[in-house]
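Working notes, beginning with the structure itself.
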Amino acid sequence: MYNGSEGEEVSLKEAAAWTRNYRSQQADKAATVKAHFFGQEILQKILSQEKCVGMRMYYGLDGTGGKQLILVGVDADGNDLEDGVIADRSKVCPPDCVESALSN
């Protein structure tokens with residue numbers, strides 16, 4: 001079912017258009033979460049798990065209503081590795097933002 005090759009590259013032009021489309025639909029543009037940053041250590045920790053062929057990302061809301069992005073490893077059958085590493089506590093933009101074609 002899954003082999004680790006899922007997904008594909010998109011151009012910067014297309015990615016920038018998609019992020020602009022998302023931001024334009026948000027009622028409170030100043031407070032809209034634009035992005036989440038995860039460091040390589042937690043990503044490698046998830047990907048290096050036995051049977052892991054990739055990861056799934058879930059949208060969530062924390063106890064204060066803040067948008068969260070939860071990462072979990074996935075096996076070849078498409079099952080979440082629920083007993084493995086699950087990540088969040090990313091750096092959120094805003095306030096931790098950079099100027100780029102994807103964020104403007």
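Residue indices begin at 1 and follow the sequence shown. Below, all heavy atoms of this structure are taken into account, side chains as well, without hydrogens, waters or symmetry copies.
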Linked, directly or transitively: Val85 and Leu47 (ILVMFWY side chains, under 4.5 Å):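 Same hydrophobic cluster.
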
Going hydrophobic residue to hydrophobic residue with side-chain gaps under 4.5 angstrom, can you get from Val74 over to Tyr58? no

Inter-residue atom distance Leu61.CG - Lys67.NZ, 0.5 Å rounding: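 Separation between the atoms: 8.0 Å.
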
Rounded at 0.5 Å granularity, tell me how far CD1 in Ile70 sits from CZ in Arg89. 9.5 Å

Results of side-chain hydrogen bond (donor to acceptor under 3.5 Å, both in side chains) for [X] - residues two or more places apart only:
X	result
Ser48	none
Asp88	none
Gln44	none

Under 3.5 Å, which donor-acceptor pairs link side chains of residues 6-14 to any protein atom two or more places apart or in another chain?
from	atom 1	to	atom 2	distance (Å)
Glu6	OE1	Gly4	N	3.0
Glu6	OE2	Asn3	N	2.8
Ser11	OG	Glu14	N	3.0

With sequence neighbours left out, which residue pairs that include part of [range] fulfil the disulfide bond (SG atoms under 2.5 Å apart) condition?
range	result
residues 3-79	none
residues 73-104	Cys93-Cys97
residues 60-91	none

Minimum heavy-atom separation for Ala87 to Ile46, with atom names?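 Smallest interatomic distance, heavy atoms only, reads CB-CD1, 3.8 Å.
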
Closest non-hydrogen atom pair between Asn21 and Ser24, with its separation: O-OG, 2.8 Å

Who are the side-chain contact (heavy atoms from CB on, under 4.5 Å) partners of [X], not counting sequence neighbours?
X	value
Val53	Tyr2, Ala76
Leu69	His36, Phe38, Met57, Tyr59, Leu71
Phe37	Lys91

Any Asn79 side-chain heavy atom under 4.5 Å of Lys51 side chain: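 They are not in contact (no side-chain heavy atoms under 4.5 Å apart), so the answer is no.
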
Would the distance check show the side chain of Asp75 and the main-chain N or O of Asp77 forming a donor-acceptor pair, the cut-off being under 3.5 Å? yes

So does Asn104 get a backbone contact from the side chain of Arg23, meaning a donor-acceptor N/O pair under 3.5 Å?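 Checking the backbone N and O of Asn104 against the side chain of Arg23, a donor-acceptor pair under 3.5 Å is found.
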
Are there over 12 heavy-atom neighbours, none belonging to Lys34, within less than 6.0 Å of that residue's NZ?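 Yes, because the 6.0 Å sphere around NZ of Lys34 holds more than 12 heavy atoms from other groups.
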
Any chance CG of Asp62 has more than 12 other-residue heavy atoms, nucleotides or ligands included, within less than 6.0 Å?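 Counting neighbours around CG of Asp62, more than 12 heavy atoms of other residues, nucleotides or ligands fall under 6.0 Å, so yes.
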
What's in the same ILVMFWY side-chain cluster as Val33, cut-off under 4.5 Å, chained through other members?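 Val33 shares its hydrophobic cluster with Val92.
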
Output all residues satisfying salt bridge (charged side-chain N to carboxylate O under 4.0 Å, His left out) with Arg56, sequence neighbours left out; order by chain, then residue number. Asp80

